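This report concerns only the one structure given below.
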Amino acid sequence: MRIGIGIDVHQLVENRDLILGGVFIENEKGLLGHSDADVLIHAIMDGIIGALSLGDIGHLFPDTDDAYKDIDSRILLRKVYDLMREKNYIIGNIDANIACQRPKLRPYIDQMRANIAKDLCISMDQISIKATTTEELGFVGRKEGIFSNAICLLKKDQDIENYY
């Protein structure tokens, strides 16, 4: 069993889409980044990559590589899934948080969970996503950015080990 913690932060800016958990959310600002800047998926990827001792998402998917420019983070999540499976691990569960002053995220959380569960080949009950505000404190409270963190529990896939 391995546990990884992932954290991501992106700045809110005009003329960018707001994508969280692979869901487009109507908003006057979106997140700035080399990819689609999906902080939730980035935090989850970082948690999985950390649990596998493979560095971080910047190491695997550098922002200096044009191949990742504006890429859908769900594509990157599926690549991380493939790395995890190569090492014979499966997801036990994921517990994630998103700190965002606006917009309210509750209406989108089930679709986020469904997207991530599909990409990681797990059931929705293995992923928890919670949204909160910072009570108008800090960069999140000033609506300058969004923060996300995730804790990922990985387990050895016994079926693979018993197969060989």
Side-chain angles (χ1 to χ4, degrees), residues 1-52 56-58 60-61 63 68 70-81 83-84 89-155:
M1 189 172 342
R2 291 175 170 237
I3 298 172
I5 300 172
I7 296 172
D8 198 41
V9 175
H10 282 277
Q11 180 182 2
L12 282 163
V13 296
E14 294 180 0
N15 301 316
R16 287 280 296 193
D17 288 338
L18 179 59
I19 309 291
L20 295 171
V23 177
F24 171 79
I25 299 169
E26 190 71 43
N27 197 47
E28 65 275 2
K29 292 183 178 180
L31 294 170
L32 180 63
H34 187 68
S35 66
D36 65 5
D38 187 328
V39 294
L40 174 61
I41 289 181
H42 291 187
I44 291 169
M45 289 191 306
D46 234 15
I48 295 168
I49 293 165
L52 295 171
D56 58 35
I57 61 174
L60 293 178
F61 311 112
D63 63 6
Y68 306 119
D70 296 323
I71 194 167
D72 180 338
S73 291
R74 291 183 68 194
I75 293 169
L76 301 178
L77 181 62
R78 290 188 289 269
K79 290 178 184 286
V80 169
Y81 171 80
L83 291 170
M84 180 185 71
Y89 281 93
I90 57 174
I91 299 287
N93 73 297
I94 296 171
D95 187 20
N97 298 289
I98 307 169
C100 175
Q101 199 62 40
R102 292 274 184 273
K104 293 293 185 188
L105 300 178
R106 180 67 213 122
Y108 306 100
I109 287 180
D110 286 342
Q111 185 59 54
M112 292 177 197
R113 290 176 62 224
N115 289 346
I116 294 164
K118 180 179 180 181
D119 293 339
L120 294 175
C121 301
I122 58 176
S123 66
M124 281 180 59
D125 68 353
Q126 288 174 273
I127 180 161
S128 170
I129 299 172
K130 302 171 303 285
T132 189
T133 69
T134 59
E135 303 295 328
E136 300 184 0
L137 296 172
F139 73 89
V140 171
R142 291 187 302 270
K143 302 178 196 103
E144 296 171 356
I146 296 178
F147 168 87
S148 184
N149 69 349
I151 297 174
C152 304
L153 175 68
L154 306 186
K155 304 184 301 186

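Bear in mind the structure is a predicted one, so any value in this text is a computation, not a measurement.
- Side-chain contact between L18 and L31: present, with at least one pair of heavy atoms (C-beta onward) separated by less than 4.5 Å.
- In this structure, S73 and A37 approach most closely via the heavy-atom pair OG-N, 4.5 Å.
- L76 places none of its side-chain heavy atoms less than 4.5 Å from the side chain of I57.
- In this structure, the side chains of I41 and M112 stay at 4.5 Å or more apart for every pair of heavy atoms.
- Nearest heavy atoms, I25 versus P103: CG2-CG, 3.7 Å.
- Between the side chain of S148 and the backbone N or O of N97 there is at least one donor-acceptor pair closer than 3.5 Å.
- Within the 3.5 Å criterion, the main-chain N or O of Y108 finds no donor-acceptor partner in the side chain of Q111.
- Panel note: side chain Q126, backbone G92; a donor-acceptor pair is recorded below 3.5 Å.
- By the 4.5 Å heavy-atom criterion applied to side chains, K155 and I90 are counted as neighbours.
- A donor-acceptor pair is defined here as one N or O able to donate and one able to accept, closer than 3.5 Å; no such pair exists between the side chain of S35 and the backbone of Y68.
- With hydrogens and angles disregarded, no donor-acceptor distance shorter than 3.5 Å links the side chain of D17 to the backbone of I19.
- In this structure, the separation between OG1 on T133 and CD1 on I98 is 13.0 Å, given to the nearest 0.5 Å.
- Going from atom CG of N149 over to atom CG of L40 covers 10.0 Å, rounded to the nearest 0.5 Å.
- The only member of R78, R113, K79 that meets salt bridge (charged side-chain N to carboxylate O under 4.0 Å, His left out) when paired with D119 is R78.
- Atom CG in D72 sits 9.5 Å away from atom CG in L77 (nearest 0.5 Å).
- A distance of 10.5 Å separates CG of L153 from OH of Y89, quoted to the nearest 0.5 Å.
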>> Determine whether I48 and I91 satisfy the following criterion, side chain to side chain contact (heavy atoms under 4.5 Å, CB included), listing intermediate values before the conclusion.
In response: CA-CA 9 Å; I48 295 168; I91 299 287; 3.9 Å; yes

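- A side chain to side chain donor-acceptor pair (under 3.5 Å) with R16 holds for exactly one of N27, D36, D70; it is D70.
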> For F61 and I75, what are the C-alpha separation, side-chain angles and deciding distance, and is it a side chain to side chain contact (heavy atoms under 4.5 Å, CB included)?
Replying inline: CA-CA 11 Å; F61 311 112; I75 293 169; over 6 Å; no

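- Among L20, I7, V9, the one residue that satisfies the side chain to side chain contact (heavy atoms under 4.5 Å, CB included) test with V39 is L20.
- Judged purely by distance below 3.5 Å, without hydrogens or angles, the side chains of H42 and D8 pair a donor atom with an acceptor atom.
- The heavy-atom pair separating A131 from L105 by the smallest distance is CB-CB, 3.9 Å.
- Nearest approach of I3 to A51, heavy atoms of both residues: C-CB, 3.8 Å.
- When all heavy atoms of I94 and C152 are compared, the pair lying nearest together is CG1-SG, 4.0 Å.
- If you take OG1 on T132 and CD on Q101, they are separated by 8.5 Å, rounding to the nearest 0.5 Å.
- Nearest heavy atoms, F139 versus I146: CE1-N, 4.2 Å.
- Separating the CE atom in M84 from the CG atom in L120 is a distance of 6.0 Å, to the nearest 0.5 Å.
- Applying the 6.0 Å contact sphere to NZ of K118 captures no more than 12 heavy atoms from other residues, nucleotides or ligands.
- The backbone N or O of I151 lies less than 3.5 Å from no partner atom in the side chain of D95, so there is not a single donor-acceptor pair.
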